[in-house]
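A short worksheet on the structure shown next.
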Amino acid sequence: MKRYLIPTAAALGLAIAASHASADTVLRASHQFPGGQGDVRDEMVQLMAREVAAADVGLSIEVYPGQSLFKAREQWGALARGRLDITSLPLDYASGRHPEFSATLMPGLVRNQAHAQRLNDSEYMRLIKDVILEGGGRVLADAWLSGGFASSEQCITSPESVSGQNIRAAGPAFEEMLEEAGASIASMPSSEIYTAMQTGVLEAANTSSMSFISFRLYEQAECLTQPGDFALWFMYEPILISEQVWQGLNEEQQTALLEAGKSAQDFFADAAAAIDQEMVDLYEENGVEVVSMSEEDYNAWLDIARETSYKNFAENVPNGQAIIDAALAVE
């Protein structure tokens, strides 16, 4: 004689909940930064994941930090092809595919965080975001990180101070400027700087203040050049979604992502001002000398940049002069 089990109301509720959970669209978010250790870029993505889950629109985000899903420089290509859903990406890493992105890491182009916020709403950023969209991505949250230099040899202030140092530069625009000043250039993601300095491949590096903190570069540095009043280094590191993936979502899901992206962007704006000081305090506590560029140093670097980075970008990048002009028009 067959016996049939009649599910209880509680069991039915669990089954329905499990059915809904399994029906969720799961988006994979990848980035190169340490997870769960206070890096603001990881925290932005984690915040978005929580807000999207709370929106209850049949959508969830799984976060893969520390290059655990894709290597740093693989992320743009994977995103553009729809193999990766979401990334927090230093956009200049994709400048090999889209040279226009070099304008998001151009020496002296961004003066401070307030200036960066004005750039976000400018014609300059519209031109950049058009290229992002044409390339297969879409911006969910803007983020500009300030940064500086660290060296195991000597403090980097004036152009003369980099002569003979093997330095990691974050992108083509900085590479051109630093090479003209006499540095030897090595290209790599920020996640590889520590090992390169530890093994003597690098004497110096420039990167964001957050990366100087997260990757513990104070353990390899003798001197840090902080952004200070004359920040030569600012980098655009947005949260992006694959346009292929975006088009496959319903309107409720798209709205939830946009709202979560706005929350992440606001969170970053509140945190950004404190990051530079956190970096300075951490390096001083660990016995690293901390210096700043003078206005004279800064202007000397800009003179070199105008004759190298700016000039090459305007001459060799599609719409390059228009992008530079649009950025310089923002006071």
**Message:** Side chains of Trp246 and Leu257, heavy atoms from C-beta outward: is any pair under 4.5 Å?
**Reply:** yes

**Message:** Could you check whether any side-chain heavy atom of Tyr310 comes within less than 4.5 Å of a side-chain heavy atom of Leu109, counting everything from C-beta outward?
**Reply:** yes

**Prompt:** Just wondering, more than 12 heavy atoms not from Asp266 lying within 6.0 Å of its CG?
**Reply:** yes

**Prompt:** Which of parallel (below 30°), tilted (30 to 60°) and perpendicular (above 60°) describes Phe101 and Trp76?
**Reply:** perpendicular

**Message:** Quick check: closest heavy atoms across Ser294 and Phe230, and the distance to 0.1 Å?
**Reply:** C-CD1, 4.0 Å

**Request:** Please answer whether the main-chain N or O of Glu176 pairs with a side-chain N or O of Ser309 as donor and acceptor at a distance below 3.5 Å.
**Result:** no

**Asked** After noting the C-alpha distance and the side-chain angles of Arg138 and Leu133, does the key distance pass the side chain to side chain contact (heavy atoms under 4.5 Å, CB included) rule?
**Response** CA-CA 5 Å; Arg138 176 181 291 263; Leu133 194 61; 4.0 Å; yes

**Message:** Determine whether the aromatic ring centres of residues Trp144 and Phe234 are separated by less than 6.0 angstrom.
**Reply:** no

**Message:** Please tell me whether Gln113 and Ser146 have a donor and an acceptor in their side chains that are separated by less than 3.5 angstrom.
**Reply:** no

**Complete:** CG of Leu328 to CE of Met106, rounded to nearest 0.5 Å, is 9.5 Å

**Request:** Show the numbers, then the answer: is there a side chain to side chain contact (heavy atoms under 4.5 Å, CB included) between Leu140 and Gln265?
**Result:** CA-CA 9 Å; Leu140 294 175; Gln265 184 172 312; over 6 Å; no

**Request:** Could you tell me whether the side chains of Ser151 and Glu222 share a donor-acceptor contact shorter than 3.5 Å?
**Result:** no

**Request:** Test Ser292 against Gln226 for side chain to side chain donor-acceptor pair (under 3.5 Å), laying out the working first.
**Result:** CA-CA 6 Å; Ser292 302; Gln226 64 165 318; 3.1 Å; yes

**Message:** How close do Ser122 and Val330 get, counting heavy atoms only, and between which atoms?
**Reply:** CB-CG2, 3.5 Å

**Item:** Heavy-atom pair with the smallest gap, counting every atom of Leu79 and Gly137
**Value:** CD2-CA, 4.2 Å

**Message:** Whether Asp121 and Arg118 form a salt bridge (side-chain N of Lys/Arg under 4.0 Å from carboxylate O of Asp/Glu) is what I want to check.
**Reply:** no

**Request:** Return yes if some donor-acceptor pair links the side-chain N/O of Thr225 with the main-chain N/O of Thr157 below 3.5 Å, else return no.
**Result:** no

**Asked** Taking Asn250 for the side chain and Gln253 for the main chain, is one N or O donor matched with an acceptor at less than 3.5 Å?
**Response** yes

**Request:** Kindly indicate, with the supporting measurements, whether the criterion side chain to side chain donor-acceptor pair (under 3.5 Å) is fulfilled by Ser214 and Ser211.
**Result:** CA-CA 5 Å; Ser214 294; Ser211 289; over 6 Å; no

**Asked** Do Phe215 and Tyr194 pass the ring pair (Phe, Tyr, Trp, His ring centres under 6.0 Å) test, and can you show the C-alpha distance, the side-chain angles, and the key distance before you say yes or no?
**Response** CA-CA 7 Å; Phe215 295 121; Tyr194 185 100; 9.1 Å; no

**Request:** Enter the distance from Phe174:CZ to Ser187:OG here, rounded to the nearest 0.5 Å.
**Result:** 13.5 Å

**Message:** Side chains of Glu100 and Ile323, heavy atoms from C-beta outward: is any pair under 4.5 Å?
**Reply:** yes

**Message:** Using a 3.5 Å distance criterion without hydrogens, assess whether the side chain of Asn112 forms a donor-acceptor pair with backbone atoms of Ala114.
**Reply:** yes

**Message:** For Lys262, is there an ion pair with Glu259 - N to carboxylate O distance below 4.0 angstrom?
**Reply:** no

**Asked** Do Asn166 side-chain atoms and Glu203 backbone N/O form a donor-acceptor pair below 3.5 Å?
**Response** no

**Salt-bridge criterion met for Glu62 and Arg28 (N-O under 4.0 Å)** = no

**Request:** Would you tell me whether Ser209 and Asp276 have side-chain atoms, one donor and one acceptor, within less than 3.5 Å of each other?
**Result:** yes

**Item:** Distance (rounded to the nearest 0.5 Å) between Ile324 CD1 and Lys311 NZ
**Value:** 14.0 Å

**Asked** Does a sphere of radius 6.0 Å around CD in Glu315 hold more than 12 heavy atoms from other residues, nucleotides or ligands, not counting ones at 6.0 Å or beyond?
**Response** yes

**Asked** Should Val139 and Ile128 count as side-chain neighbours, where that means a heavy-atom distance under 4.5 Å?
**Response** no

**Request:** Under the side chain to side chain donor-acceptor pair (under 3.5 Å) rule, what do Glu160 and Ser158 come out as? Steps first, then yes or no, please.
**Result:** CA-CA 5 Å; Glu160 293 78 16; Ser158 67; 3.0 Å; yes

**Message:** Could you tell me if the side chain of His31 sits less than 4.5 Å from the side chain of Arg41, heavy atoms only?
**Reply:** no

**Request:** For Pro34 and Pro65, work out which heavy atoms get closest and say how close.
**Result:** C-CB, 4.3 Å

**Message:** Quick one, Gln67 with Ser191, criterion side chain to side chain donor-acceptor pair (under 3.5 Å). Give me CA distance, side-chain angles, the key distance, then yes/no.
**Reply:** CA-CA 9 Å; Gln67 303 187 96; Ser191 50; 3.1 Å; yes

**Prompt:** Could Lys129 and Asp142 be called an ion pair, given the rule that one side-chain N must be under 4.0 Å from one carboxylate O?
**Reply:** yes

**From CD (Gln244) to CG (Asp85), nearest 0.5 Å** = 10.5 Å

**Message:** Give me the atom names and distance for the closest heavy-atom approach of Trp233 to Ala170.
**Reply:** CZ2-CB, 3.9 Å

**Request:** Could you tell me whether Glu219 atom CD has more than 12 heavy atoms of other residues or ligands within 6.0 Å of it?
**Result:** yes

**Request:** Using the side chain to side chain contact (heavy atoms under 4.5 Å, CB included) rule, take Leu240 and Ile86 through it: C-alpha gap first, then chi angles, then the decisive distance, then the call.
**Result:** CA-CA 6 Å; Leu240 305 171; Ile86 292 174; over 6 Å; no

**Asked** Just by distance, do the side chain of Glu192 and the backbone of Pro189 share a donor-acceptor pair under 3.5 Å?
**Response** no

**Prompt:** What closest approach, in Å, do Leu47 and Ala264 show between heavy atoms, and which atom pair accounts for it?
**Reply:** CD2-N, 3.9 Å

**Message:** Side chains of Cys155 and Ser161, heavy atoms from C-beta outward: is any pair under 4.5 Å?
**Reply:** no

**Message:** For the CD atom on Glu295, are there more than 12 heavy atoms of other groups (residues, nucleotides or ligands in this structure) within a distance under 6.0 Å?
**Reply:** no

**Prompt:** Distance from Met235 atom CE to Leu105 atom CG, nearest 0.5 Å?
**Reply:** 5.0 Å

**Prompt:** Should the heavy atoms of other residues, nucleotides or ligands under 6.0 Å from CD of Gln198 be counted, would the total exceed 12?
**Reply:** yes

**Item:** Spacing of CZ belonging to Phe268 relative to OG belonging to Ser263, to within rounding of 0.5 Å
**Value:** 15.5 Å

**Asked** Are any non-hydrogen side-chain atoms of Glu285 and Asp281 less than 4.5 angstrom apart?
**Response** yes

**Item:** Tyr236 (side chain) donor-acceptor with Asp92 (main chain) under 3.5 angstrom
**Value:** no

**Prompt:** Should the pair Tyr283 and Tyr218 be assigned to parallel (<30°), tilted (30 to 60°) or perpendicular (>60°) ring geometry?
**Reply:** perpendicular

**Prompt:** When you look at CZ of Arg81, are more than 12 heavy atoms from neighbouring residues, nucleotides or ligands closer to it than 6.0 Å?
**Reply:** yes

**Request:** I would like to know whether Leu224 and Phe149 meet side chain to side chain contact (heavy atoms under 4.5 Å, CB included); could you show each step before the answer?
**Result:** CA-CA 6 Å; Leu224 171 76; Phe149 296 81; over 6 Å; no

**Prompt:** If only atom types and distance count, is the side chain of Asn319 paired as donor or acceptor with the main-chain N or O of Ala322 below 3.5 Å?
**Reply:** no

**Message:** Would you say that more than 12 heavy atoms from the other residues, nucleotides or ligands in this model lie under 6.0 Å from the CD of Glu243, or not?
**Reply:** yes

**Request:** Answer whether the closest heavy-atom distance between the side chains of Phe313 and Ser102 falls below 4.5 Å.
**Result:** yes

